[in-house]
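Worksheet for the structure shown next.
Labels below follow one simple rule: chain letters A, B, ... track the order of the sequence lines, proteins then strands, and each chain is numbered from 1.
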2 protein chains.
Amino acid sequence: MAQKTSQPVSTPSEEPAWKQRAIERSTQAAKRRAEQRVERFLGAAQAIMAEKGTTDFTVQEVIERSRQSLRSFYQHFDGKHELLLALFEDAMNRTADQIRAAASGHSDPLDRLKVAVQLLFELSRPDPTAQRPLFTDFAPRLLVSHPAEVKFAHAPLLTLFTELMTEAETAGRLRPGPKPRRLAAMTMQTVMFNAQSSGAPDDESAHPITADEIWDFCSRGFTHTR
Amino acid sequence: MAQKTSQPVSTPSEEPAWKQRAIERSTQAAKRRAEQRVERFLGAAQAIMAEKGTTDFTVQEVIERSRQSLRSFYQHFDGKHELLLALFEDAMNRTADQIRAAASGHSDPLDRLKVAVQLLFELSRPDPTAQRPLFTDFAPRLLVSHPAEVKFAHAPLLTLFTELMTEAETAGRLRPGPKPRRLAAMTMQTVMFNAQSSGAPDDESAHPITADEIWDFCSRGFTHTR
DNA sequence: CGCTTCATGAGAATGTTATTCTCCCACGTT
DNA sequence: AACGTGGGAGAATAACATTCTCATGAAGCG
């Protein structure tokens, strides 16, 4: 955080710029190498998850696949937990982008919201076919063990939904009262978790709640319109 | 499965009634004893959970506390998983009863629903003070690993909410269209999971969504009332 | 050019649990 | 009295994550 360039306690003038730069350079190099390694771990983990369709891989598998060592792994990650968290944040970012892109295809604010809600619903659903174990396996667990991290990872999505809600509000399409951001938060949660427990898209006998139903529910609630 | 004593496939007459009864009696006795033991395991687990406020106890602790043996434990339960499931179902039943009782204190169908929603919200919230680790720890995990069991355990609650919804519908307080049962299911999910991620009742800086907001959201949605 | 340091590789050691297995005894039955 | 069975004690196993040890090779330095 604080750079030592300032001249307070220690003699700054005794740290010439060239030295700073030299250190900087070697530091940078080290950082690059570290990033390289981290990337390899991440890539390997992602590949394994894609194959097995679960987050239940072992650290062993990851290091074997990435041709690195256990030692190295724990040098770069605080534990398996952090690896998954990194992957999760990444996935959330990409998801937010995907949804934003899909929504941008419509001009009406409510249409945009609708598309976003329905796509998020589909993406959050536990489909054994599609490989999204991070959403269906990891996220729920993380939610109980590290709620703060989850909140952080959800940020991009929340931002997106807040944008969409705000646009809708500006267009006078929201009912007055609740702040867009809170509506966005509740809508997100509602959509994601209802998707979770809605079973796979096909199976089931009776229940499977659909994206349409969720949209209908979120947007209009259940009371009679007086 | 198949009995070895019989010559033909089935010879009921060759099994005298007295023998049947004798077997019955000893079977019943065994069953009683088994139930006894199961109760002890359950009780011990519950006590430990109450003390530690988490489902992360070890099987060891349970058997020590209940003064029984590992062998016995695995003879009665398929694994720790089944023990927790039993406790969970129990807790859900009691929760449903509690909510039903609270709701019965009001005469207006919508008031009843409101009370139910708000109480469920409070009960589902991760309050470190109150000891409800089954809701906050176990349920989410179970949801991903054994969705069917969760659905089963949720049944009493779903039934309750369906009743309340149906009453509201009968009273003409629901908007036409959606079936009460589906509204009940979505409302339940929405309330429970939003509570999950709403942080403890007190802490937090900005967010913490409230029971009122959730009720408002579920009942009225977010669109403008034309 | 030798020396030191640091990031890594390789993999053994540890720790924690759940789960299974083995031995053994007390009992009611035959 | 032999016997079959339920159950107690607790050792053995299995999976993993995590930590620790040792060795190496390359970068930096005098």
Side-chain angles (χ1 to χ4, degrees), chain A residues 16 18-41 44-45 48-49 52 54-86 137-138 141-142 145-146, chain B residues 4-5 16 18-41 44-45 48-49 52 54-86 137-138 141-142 145-146:
Chain A
W18 66 264
K19 197 164 187 178
Q20 297 274 338
R21 265 181 274 118
I23 291 172
E24 184 76 357
R25 221 174 304 129
S26 105
T27 287
Q28 293 290 340
K31 184 178 291 182
R32 265 193 299 283
R33 259 173 299 156
E35 277 169 6
Q36 259 266 302
R37 300 225 129 98
V38 168
E39 283 305 319
R40 280 167 66 192
F41 284 127
I48 295 172
M49 267 181 20
K52 314 214 315 183
T54 174
T55 57
D56 278 338
F57 53 80
T58 72
V59 176
Q60 274 302 324
E61 295 176 286
V62 174
I63 67 170
E64 274 161 22
R65 183 116 182 187
S66 67
R67 314 183 140 285
Q68 294 179 95
S69 72
L70 251 188
R71 176 87 164 51
S72 208
F73 180 86
Y74 283 100
Q75 180 139 10
H76 294 291
F77 294 94
D78 203 37
K80 188 184 176 182
H81 164 263
E82 278 212 348
L83 170 68
L84 292 208
L85 188 58
D137 279 35
F138 181 62
R141 277 182 251 189
L142 193 63
S145 58
H146 307 263
Chain B
K4 46 323 167 68
T5 46
W18 66 264
K19 196 164 187 177
Q20 299 274 340
R21 263 181 277 119
I23 292 173
E24 182 77 356
R25 221 174 306 130
S26 104
T27 286
Q28 293 289 341
K31 182 179 291 183
R32 266 192 300 281
R33 258 173 300 155
E35 279 168 6
Q36 261 271 302
R37 278 154 195 287
V38 167
E39 283 306 320
R40 280 167 66 192
F41 284 127
I48 296 172
M49 266 181 24
K52 313 214 316 181
T54 174
T55 58
D56 277 338
F57 52 80
T58 72
V59 176
Q60 273 302 324
E61 295 177 285
V62 175
I63 67 170
E64 274 160 24
R65 182 118 185 184
S66 67
R67 315 183 139 285
Q68 294 179 97
S69 73
L70 250 189
R71 187 167 186 299
S72 205
F73 180 86
Y74 284 101
Q75 181 142 5
H76 295 291
F77 293 94
D78 204 36
K80 187 184 175 182
H81 164 263
E82 278 211 348
L83 171 69
L84 292 203
L85 188 58
D137 278 35
F138 181 61
R141 278 182 249 188
L142 194 63
S145 58
H146 306 264

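Of all heavy-atom pairs spanning B/Leu142 and B/His81, the tightest one is CD1-NE2, 3.7 Å. Of all heavy-atom pairs between A/Leu70 and A/Ile63, the closest is N-CD1, 3.7 Å.
The CD atom of A/Glu82 sits 15 Å away from the P atom of D/dA17 (whole-angstrom rounding). The interatomic distance linking A/Gln60 (CD) with D/dA14 (C1') rounds to 15 Å, in whole Å. Distance A/Lys80 NZ to D/dT19 C1': 17 Å, rounded to the nearest Å. Computed from coordinates, the A/Phe41 CZ to D/dA17 P distance equals 14 Å when rounded to whole Å.
Within residues 67-77 of chain A, the residues having any heavy atom closer than 4.0 Å to DNA chain C are, in order of number, A/Gln68, A/Ser69, A/Leu70, A/Arg71, A/Ser72, A/Gln75, A/His76.
Scanning DNA chain C 5' to 3' for nucleotides with an atom closer than 4.0 angstrom to a non-hydrogen atom of chain A gives a first and last hit of C/dT8 to C/dA12.
With sequence neighbours left out, A/Glu82 forms a side-chain contact (heavy atoms from CB on, under 4.5 Å) with A/Phe77, A/Asp78. Residues forming a side-chain contact (heavy atoms from CB on, under 4.5 Å) with A/Arg37 (at least two apart in sequence, or on another chain): A/Arg40, A/Gln68, A/Ser72, A/His76. Remark: B/Glu61 pairs with B/Lys52 by the salt bridge (charged side-chain N to carboxylate O under 4.0 Å, His left out) rule, at least two apart or across chains.
Within the cation-pi definition used here (under 6.0 Å to the ring centroid, within 45° of the axis), A/Lys80 does not qualify as a partner of A/Phe73.
Residue-to-nucleotide proximity on DNA chain D shows that, of B/Arg40 and A/His81, the 5′-proximal contact is made by B/Arg40.
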CA sep, side-chain torsions, deciding dist, call: B/Phe57, B/Leu84, side chain to side chain contact (heavy atoms under 4.5 Å, CB included): CA-CA 11 Å; B/Phe57 52 80; B/Leu84 292 203; 3.5 Å; yes
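Among residue pairs with one or both ends in residues 62-74 of chain A, those qualifying as salt bridge (charged side-chain N to carboxylate O under 4.0 Å, His left out) are A/Glu51-A/Arg65; sequence neighbours excluded.
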